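FYI, side chains are in, hydrogens and waters are out, and symmetry mates aren't considered; it's all heavy atoms of this structure. The model shown is predicted, which means the values in this text are computed figures rather than measured ones.
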Amino acid sequence: MEDILNMWTKDLEKSTREFHKQAALVAEWDKKLIDNGQKISKLHEEVTQVELLQKEVEENLDFVNAQQEELNMILDTYEKQIKDVFDQSNMQQPLHLVDVQREKAYGLAETLNSQLDDVNRNMTVMIDEINNMSRAQSNEGDDDTASQIVKILNAHLSSLQWIDSTSAVLQNKLQQVNK
């Protein structure tokens, strides 16, 4: 009887040790699950923020595209007016200084249109790269996101300043041609 009790006691102690090992493993796995759940929640919040930023960038890009289209329409109108004036003038006569200036203004308008198309393509590429970077690095934190926003806004500001200065130069040249 005592042998049976000793055997059961040993089996019980062995089972108890095994149970404690298994319980410790389960507790460790539970902790990992909780930690990973928190990481997933944080990642979801960051993805939501990046999606909002992406939407804002796309809206800004649409705004810049709309401005470019408006500028293209204005340039097309100027091109047509210059062409009409040039066609109405007598082609037999030698070119006057005003005609030469008009021709230069027309060339400038074409160059400006080409440059605006390049800016549009560059901004599209930049937005695509930012989107790819934000997808790949969405877990790097708010500081990186803030720096991306600053870079985007700086690029937009530079583009808008360039458009403004170029349109001012074009307008000055067209005013000189009209004089």
Side-chain angles (χ1 to χ4, degrees), residues 1-76 108-171:
M1 179 87 157
E2 189 173 318
D3 289 337
I4 294 174
L5 275 174
N6 285 337
M7 185 175 74
W8 285 353
T9 305
K10 287 179 185 178
D11 286 343
L12 181 62
E13 287 174 2
K14 184 178 174 183
S15 295
T16 303
R17 281 191 300 265
E18 187 63 31
F19 175 78
H20 285 295
K21 286 180 188 176
Q22 292 294 325
L25 276 173
V26 169
E28 186 179 325
W29 291 343
D30 189 45
K31 182 180 178 186
K32 286 181 181 179
L33 286 173
I34 290 171
D35 290 343
N36 288 337
Q38 290 173 347
K39 289 177 183 176
I40 288 172
S41 294
K42 183 179 178 184
L43 182 62
H44 177 69
E45 290 173 8
E46 290 174 356
V47 166
T48 302
Q49 290 175 351
V50 168
E51 287 174 347
L52 291 173
L53 291 173
Q54 180 179 354
K55 183 178 178 183
E56 184 178 330
V57 167
E58 288 173 354
E59 288 173 356
N60 288 336
L61 183 59
D62 289 342
F63 176 72
V64 170
N65 282 336
Q67 287 181 329
Q68 180 179 348
E69 288 176 15
E70 183 179 335
L71 187 58
N72 283 338
M73 289 188 313
I74 292 170
L75 290 175
D76 289 342
L108 179 64
E110 286 182 340
T111 303
L112 179 60
N113 189 29
S114 172
Q115 289 174 351
L116 287 174
D117 288 341
D118 289 342
V119 168
N120 184 35
R121 279 191 294 280
N122 289 340
M123 289 188 71
T124 303
V125 168
M126 179 183 68
I127 295 301
D128 289 341
E129 289 176 0
I130 289 171
N131 289 340
N132 290 336
M133 285 179 11
S134 67
R135 285 185 197 110
Q137 299 176 351
S138 63
N139 59 356
E140 287 193 9
D142 292 336
D143 292 335
D144 189 53
T145 303
S147 68
Q148 287 179 356
I149 292 171
V150 169
K151 288 178 184 176
I152 291 168
L153 292 176
N154 284 339
H156 281 233
L157 179 62
S158 297
S159 297
L160 291 174
Q161 287 173 338
W162 178 83
I163 289 171
D164 185 47
S165 66
T166 306
S167 65
V169 167
L170 178 62
Q171 187 172 2

Carboxylate-amine/guanidinium proximity below 4.0 Å for E28 and K32: yes

From K39 atom NZ to E46 atom CD, the distance as rounded to the nearest 0.5 Å: 12.5 Å

Residue pair Q22 / E18, side-chain donor-acceptor N/O under 3.5 Å: yes

Inter-residue atom distance L12.CG - T16.OG1, 0.5 Å rounding: 4.0 Å

Under the salt bridge (Lys or Arg N to Asp or Glu O under 4.0 Å) test, residues paired with E13 that sit two or more places apart: none

Distance, nearest 0.5 Å, that separates CG of N72 from CD of E70: 10.5 Å

Gap separating the CD atom of Q49 from the NE2 atom of H44, nearest 0.5 angstrom: 10.5 Å

Heavy-atom donor-acceptor pair, T166 side chain to I163 backbone, under 3.5 Å: no

Any L25 side-chain heavy atom under 4.5 Å of K21 side chain: no

Inter-residue atom distance D35.CG - I40.CD1, 0.5 Å rounding: 11.0 Å

Neighbour count >12 (heavy atoms, 6.0 Å) for atom CD1, I4: no

From E2 atom CD to T9 atom OG1, the distance as rounded to the nearest 0.5 Å: 10.0 Å

